[in-house]
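To start, the structure under review is shown below, and the notes come after it.
All residue numbers refer to positions in the sequence shown, counting from 1. Just so you know, these numbers use all the heavy atoms, side chains as well, and skip hydrogens, waters and symmetry mates.
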Amino acid sequence: MTTYHPDLASGHWFTLSLAAQLGNAGSEYERALQSKKRGDKVRFEHAFARLLELIDLTIADPRWKNHRLKELTRLREVVCDELYNEIQEFRHPSDLREYFLYFGILARNQRDRVVEAADK
């Protein structure tokens with residue numbers, strides 16, 4: 001099995017917040033979605049594999065072995081159905097994009113607060 005993010009898989013991923021983890025996964029989701037829309041099968045397959053790797057790393061994070069685990073495993077299932085099996089789980093395709101977007105926004109806000117605190 002190919003590891004697309006070896007530095008993250010070696011432990012750095014487990015230092016990121018849940019918002020940062022899912023925000024990064026959302027970037028790969030967006031790449032996979034856009035590649036699929038363009039009909040670029042090779043780029044789609046690579047982006048999809050990277051996305052699953054990030055979701056699997058998030059699921060493997062020991063900090064989320066609580067009530068969040070069920071949501072994370074369900075997220076993996078829904079993403080696979082949406083992109084690969086083409087089962088429409090959501091009413092509108094932007095629903096899953098928005099799910100990831102809000103995590104990206106939260107991660108950015110968290111990072112900005114850390115930078116602002118360091119500057120004071």
So His46 and Arg50, do their side chains get closer than 4.5 Å, heavy atoms only? yes
Under 3.5 Å, sequence neighbours excluded: what are the donor-acceptor pairs made by side chains of residues 108-115?
from, atom 1, to, atom 2, distance (Å)
Gln110, OE1, Ser17, OG, 3.1

Specify the closest pair of heavy atoms between Phe14 and Arg63, including all atoms of both residues, with the distance to one decimal. O-NH2, 2.9 Å
Under 4.5 Å between side-chain heavy atoms, counting indirect links through other Ile/Leu/Val/Met/Phe/Trp/Tyr residues: same cluster for Val78 and Leu18 or not? yes
Any chance you could measure Ile59, atom CD1, to Leu75, atom CG, to the nearest 0.5 Å? 7.5 Å
Please name the pair of heavy atoms, one in Thr58 and one in Trp13, separated by the smallest distance, quoted to 0.1 Å. OG1-NE1, 3.1 Å
Output all residues satisfying side-chain hydrogen bond (donor to acceptor under 3.5 Å, both in side chains) with Arg43, sequence neighbours left out; order by chain, then residue number. Asp40
Any side-chain to backbone donor/acceptor pair from Glu30 onto Arg97? Under 3.5 Å, distance only. no
Spatial distance of atom CZ (Arg38) from atom CG (Leu33) [nearest 0.5 Å]: 10.0 Å
Search all heavy atoms of Leu51 against all heavy atoms of Ala25 and return the closest pair with its distance. CD1-O, 3.2 Å
Looking at CG of Asn24 and CZ of Phe100, how far apart are the two atoms once the value is rounded to the nearest 0.5 Å? 11.0 Å
Atom pair OG1/CZ of Thr73 and Arg76 - distance to nearest 0.5 Å: 10.0 Å
Compare every heavy atom of Gln21 with every heavy atom of Leu16, then report the nearest pair and how far apart it is. O-NE2, 3.7 Å
With rounding to the nearest 0.5 angstrom, report the OH to CG distance, Tyr102 to Leu22. 15.0 Å
Show your reasoning for whether side chain to side chain contact (heavy atoms under 4.5 Å, CB included) applies to Leu72 and Asp61. CA-CA 11 Å; Leu72 293 170; Asp61 192 327; over 6 Å; no
Would you name the heavy atoms of Leu54 and Glu28 that are closest together and state the gap between them? CD1-CG, 3.8 Å
How many angstroms lie between atom CD of Glu98 and atom CD1 of Ile105, to the nearest 0.5 angstrom? 9.5 Å
The criterion is side-chain contact (heavy atoms from CB on, under 4.5 Å); which residues satisfy it with Glu45, sequence neighbours excluded? Lys41, Tyr84
Non-neighbouring partners of Glu71 that pass side-chain hydrogen bond (donor to acceptor under 3.5 Å, both in side chains), sequence neighbours left out: Tyr99
Grouping I, L, V, M, F, W and Y whenever their side-chain heavy atoms are under 4.5 Å apart, do Leu101 and Leu96 come out in a common cluster? no
Taking side-chain contact (heavy atoms from CB on, under 4.5 Å) as the test, write out the residues that go with Ser27, two or more places apart. Arg31
Ala32: which residues meet the side-chain contact (heavy atoms from CB on, under 4.5 Å) condition with it, sequence neighbours left out? Phe44, Ala47, Leu83
